[in-house]
Protein chains: 2
Amino acid sequence: MGKENDQIGVVTALVRTAFLVNAVYAESGRGHGLTPQQGQLLCVLMAQPYGMGELSSMLGLAKSSLTGLVDRTERNGLVRREPDPRDSRAVRVALTTRGGRLAEEFYAETCRRIEHLPVSLTGEERTTLAGLLGRIVRDNAVPMVFIELDEAVPAANRQ
Amino acid sequence: MGKENDQIGVVTALVRTAFLVNAVYAESGRGHGLTPQQGQLLCVLMAQPYGMGELSSMLGLAKSSLTGLVDRTERNGLVRREPDPRDSRAVRVALTTRGGRLAEEFYAETCRRIEHLPVSLTGEERTTLAGLLGRIVRDNAVPMVFIELDEAVPAANRQ
DNA sequence: TATTGTTATACTCTATAACTATA
DNA sequence: TATAGTTATAGAGTATAACAATA
């Protein structure tokens, strides 16, 4: 006897999955000398340069927190503040050459590691999962904190 | 023309979902005067008291980081270090009465908020999602960072 | 006046290395 | 000797409030 009920609830599943992904993200960053926050900043900037205010609202941080994060990342030579030609108060934060290279490496390794998480899921199940999570992400207007490149092809093999 | 392909990959879906859950977790904590880390500590301790080493490995933190986190949370009156009767070197970290009350409130509100994330999913889809994520969580041996209580019944209504 | 971004300040979070005390 | 935990130190991350410069 005993109800043999292995099914956990959606809430628990989501929170624990987030914990797992966070850990993988942090570990992947560590391997590249990146804090999770700096890794996240680089990933956001892979899509395009952004202003401080945009980054602030995308990442959910106070503007002064962004100033510090960009300062440190800039000091490490990974990003650069460029003047915004259309508003002399504003700056555009962009990846440096080195930052872009590191971003690609970090992104690729993170993808590789995250991809290993659903080891026991079939291809069809992964598609189902991606579809369901994709709807959650879309419905809740999650900002472009992680771009969508072709997952099937490792970065090293892209032309 | 155009491939009308809204389907994002599993990796992107997982990373963005984690970002979303993190944001909700942080916001929920803020409403209770808790940092995400302190909120997480309280949630872990809802299940049972743990030693510093156990917490360290469950949360993926260096032991000295745990010392600081427990120090601050203890200073706030939310947890307590108790001597381990079986090893005088060790301590058991447990919730205080006030910490337990706050943990329940934080936990309940976090559940409520996370539960709202899959707004557009049917009950069946939520079950499917929970099943798939549950397998990922199980396969990757995610520690008990968020306990599983009856999600259907709000904490306030439990006897 | 409103907005963009930085400074000043004060915590919290985290890790590494060295340490104390007990097993 | 090994293990449990703390201390010392240094840096990163974060927020609030006050500020400067431009729109």
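Per chain, numbering begins at 1; letters A, B, ... match sequence-line order. Atom set for the values below is all heavy atoms of this structure, side chains included, hydrogens, waters and symmetry mates excluded.
- Distance from the side chain of B/Gln37 is smallest for C/dT14 among the nucleotides D/dA15, C/dT14, C/dT4.
- With sequence neighbours excluded, the residues that form a side-chain hydrogen bond (donor to acceptor under 3.5 Å, both in side chains) with A/Arg113 are A/Glu27, A/Glu109.
- Between the B/Gln38 side chain and the B/Thr35 main chain, no donor and acceptor come within less than 3.5 Å of each other.
- Proximity note for B/Arg72 (side chain, C-beta onward) versus D/dG5, C/dT14, C/dG5: the nearest is C/dT14.
- Closest to the side chain of B/Ser88, out of C/dG5, C/dT22, C/dA15, is C/dT22.
- Contacts of A/Arg86 with the nucleic acid, taken as non-hydrogen atoms under 4.0 Å apart, are absent.
- B/Gly53 comes within 4.0 angstrom of sugar-phosphate atoms only, judged by non-hydrogen atoms across all strands, and of no base.
- Between the NZ atom of A/Lys63 and the P atom of D/dA18 there is a distance of 15 Å, given to the nearest Å.
- Rounded to whole angstrom, the span from the CG atom of B/Asn76 across to the P atom of C/dC11 amounts to 12 Å.
- Remark: the backbone N or O of B/Ser120 is paired with a side-chain donor or acceptor of A/Arg135 at under 3.5 angstrom.
- Rounded to an integer number of Å, the gap from B/Leu59 CG to C/dA15 C1' is 15 Å.
- In the interface, the side chain of B/Thr35 is not paired with the base of D/dT14 through any donor and acceptor atom under 3.5 Å apart.
- Remark: side-chain polar atoms of B/Thr96 are paired, donor with acceptor, to backbone N or O of B/Gly77 under 3.5 angstrom.
- Residue contacts for A/Leu66: at a heavy-atom cut-off of 4.0 Å it reaches no nucleic acid atom on any strand shown.
- Looking at the side chain of B/Gln38, the nearest of the listed nucleotides C/dT12, C/dT4, D/dT14 is C/dT12.
- In terms of modelled atom types and a separation under 3.5 Å, the side chain of B/Tyr25 and the main chain of A/Val15 share no donor-acceptor contact.
- Here A/Ser65 does not reach the OP1 or OP2 of D/dT14: none of its side-chain N or O atoms lies under 4.0 Å away.
- The main-chain N or O of A/Arg81 is found under 3.5 Å from a side-chain atom of A/Glu74 such that the two form a donor-acceptor pair.
- Neither OP1 nor OP2 of D/dG5 sits under 4.0 Å from any side-chain N or O of B/Arg81.
- In this structure, A/Leu69 places its CG atom 16 Å from P of C/dT14, rounding to the nearest Å.
- Of the possible polar contacts, none joining the A/Asn140 side chain to the A/Val142 backbone as a donor-acceptor pair under 3.5 Å is found.
- The residue B/Asp87 sits close only to the backbone: its heavy atoms come under 4.0 Å of sugar-phosphate atoms, none of a base.
- Residue A/Ala62 places its side chain closer to D/dA15 than to any other of C/dA23, D/dA15, C/dT12.
- Taking atom CG of residue B/Leu55 and atom P of nucleotide D/dT6, one finds them 11 Å apart after rounding to whole Å.
- Residue A/Glu54 is the one, among A/Glu54 and A/Arg30, whose nearest nucleotide of DNA chain C lies closer to the 5' end (criterion: closest heavy atom).
- With distances taken from any side-chain atom of B/Leu61 to the nucleotides D/dG5, C/dA15, C/dT12, the minimum falls on C/dA15.
- The side chain of A/Arg89 sits closest to D/dT22 out of C/dT22, D/dT7, D/dT22.
- In this structure, B/Arg92 reaches neither bases nor backbone, as no heavy-atom distance under 4.0 Å exists between it and the strands shown.
- Here C/dT6 presents its C1' atom at 17 Å from CG of A/Asp84, a figure rounded to the nearest Å.
- Within the 4.0 angstrom heavy-atom criterion, no nucleotide atom of any strand lies near A/Asp71.
- Between A/Met52 atom CE and D/dA20 atom C1' the separation is 15 Å, expressed in whole Å.
- Distances shorter than 4.0 Å separate some side-chain N or O of A/Arg75 from OP1 or OP2 on D/dA12.
- Per the geometry, OH belonging to A/Tyr25 stands 13 Å off P belonging to D/dG13, to the nearest Å.
- For A/Ser64, taking side-chain heavy atoms from C-beta onward, the closest of the listed nucleotides C/dG5, D/dT14, D/dT16 is D/dT16.
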